[in-house]
Asker: 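One structure coming up, written as structure tokens, with questions to follow.
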Amino acid sequence: MSTSAPKTPADSTLAGTTAANTHPVMPPPVARAARKPSNTANPLQQRLGELLVIVLCLSLPLAAGIIPIRLMIASGTAYLWLWIPLFIFIEIIACLCAFGIFREATGWASASDYQR
């Protein structure tokens with residue numbers, strides 16, 4: 001038997017198709033039981049996520065402060081005039097970044113904050 005198209009009308013009815021209907025007939029879909037969507041809100045997961053964000057935001061200024069202090073201790077008091085302003089600038093940037101990340105992650109930031 002060849003895989004080419006049927007040549008006569010009798011061959012097309014034997015193959016299960018007609019000239020008007022070239023697509024095979026599919027059975028109706030099986031009805032499934034309704035189930036909960038996988039992206040529904042989970043309060044426990046929401047609270048754990050917020051707790052993780054808070055911990056990470058608090059650790060950002062802490063980690064950014066420890067590194068310059070250790071470098072300042074290792075270098076001695078020779079460059080104290082350099083390390084103190086550097087420490088202050090690094091801590092300000094780390095605190096502002098942590099605050100911005102916290103606002104975005106917990107939903108406190110809104111679209112009106114970014115519009116004129």
Side-chain angles (χ1 to χ4, degrees):
M1 181 165 231
S2 69
T3 59
S4 64
K7 295 182 174 71
T8 64
D11 291 338
S12 66
T13 57
L14 292 175
T17 61
T18 62
N21 182 13
T22 57
H23 300 291
V25 177
M26 301 298 280
V30 178
R32 295 184 184 178
R35 54 182 184 172
K36 187 169 107 176
S38 60
N39 61 349
T40 57
N42 185 349
L44 177 64
Q45 188 177 10
Q46 180 78 20
R47 295 296 173 217
L48 288 176
E50 288 178 3
L51 182 66
L52 179 67
V53 167
I54 290 170
V55 168
L56 292 175
C57 286
L58 290 175
S59 69
L60 184 62
L62 183 68
I66 289 174
I67 295 170
I69 289 174
R70 292 196 56 170
L71 288 172
M72 183 173 54
I73 292 170
S75 70
T77 60
Y79 295 107
L80 202 55
W81 59 272
L82 177 67
W83 289 114
I84 292 174
L86 182 67
F87 175 77
I88 292 170
F89 290 140
I90 288 174
E91 281 302 307
I92 289 172
I93 292 171
C95 289
L96 291 175
C97 287
F99 180 67
I101 292 169
F102 175 77
R103 286 185 66 218
E104 286 290 332
T106 56
W108 284 11
S110 64
S112 63
D113 292 341
Y114 303 108
Q115 296 173 350
R116 289 184 180 197

Asker: Establish whether Ile88 and Ile67 are linked, either directly or via other cluster members, by ILVMFWY side-chain heavy-atom contacts under 4.5 Å.
Answerer: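 Linked within one cluster.
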
Asker: What are the two closest heavy atoms between Ala94 and Pro61, and how far apart are they?
Answerer: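 So the two residues come closest at CB-CA, 3.8 Å.
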
Asker: Starting from Leu62, can I reach Val55 by hopping between I/L/V/M/F/W/Y residues whose side chains sit under 4.5 Å apart?
Answerer: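 In one cluster: no.
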
Asker: Out of curiosity, does Phe102 fall in the hydrophobic cluster containing Leu56 (side-chain heavy atoms, cut-off under 4.5 Å, transitive links)?
Answerer: no

Asker: Please name the pair of heavy atoms, one in Trp83 and one in Leu71, separated by the smallest distance, quoted to 0.1 Å.
Answerer: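 Distance-wise, the nearest heavy atoms are CH2-CB, 3.6 Å.
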
Asker: Donor-acceptor pair, Glu104 side chain versus Ala109 backbone, under 3.5 Å?
Answerer: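 No, because the side chain of Glu104 does not come within donor-acceptor range (under 3.5 Å) of the backbone of Ala109.
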
Asker: In Å and rounded to the nearest 0.5 Å, what is the CZ to CD1 distance from Phe87 to Ile92?
Answerer: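 Here the rounded value is 10.5 Å.
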
Asker: Could you give the distance from CZ (Arg47) to CG (Leu52), rounded to the nearest 0.5 Å?
Answerer: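 If we round to the nearest 0.5 Å, Arg47:CZ and Leu52:CG are 14.5 Å apart.
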
Asker: If you measure from SG on Cys95 to CD1 on Ile90, what distance do you get to the nearest 0.5 Å?
Answerer: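 So the gap between those two atoms works out to 12.0 Å.
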
Asker: Test of understanding: clusters of I, L, V, M, F, W, Y form through side-chain heavy atoms closer than 4.5 Å, transitively. Do Ile69 and Ile93 belong to the same one?
Answerer: no

Asker: What about Ile84 and Leu82, same hydrophobic cluster or not, with Ile/Leu/Val/Met/Phe/Trp/Tyr joined at side-chain heavy-atom distances under 4.5 Å?
Answerer: yes

Asker: For the CG atom of Leu60 and the CZ atom of Phe99, what is their distance to the nearest 0.5 Å?
Answerer: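 Result: 14.0 Å between the selected atoms.
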
Asker: Can you measure from CD1 (Ile54) to CD1 (Ile101) and round to the nearest 0.5 angstrom?
Answerer: 13.5 Å

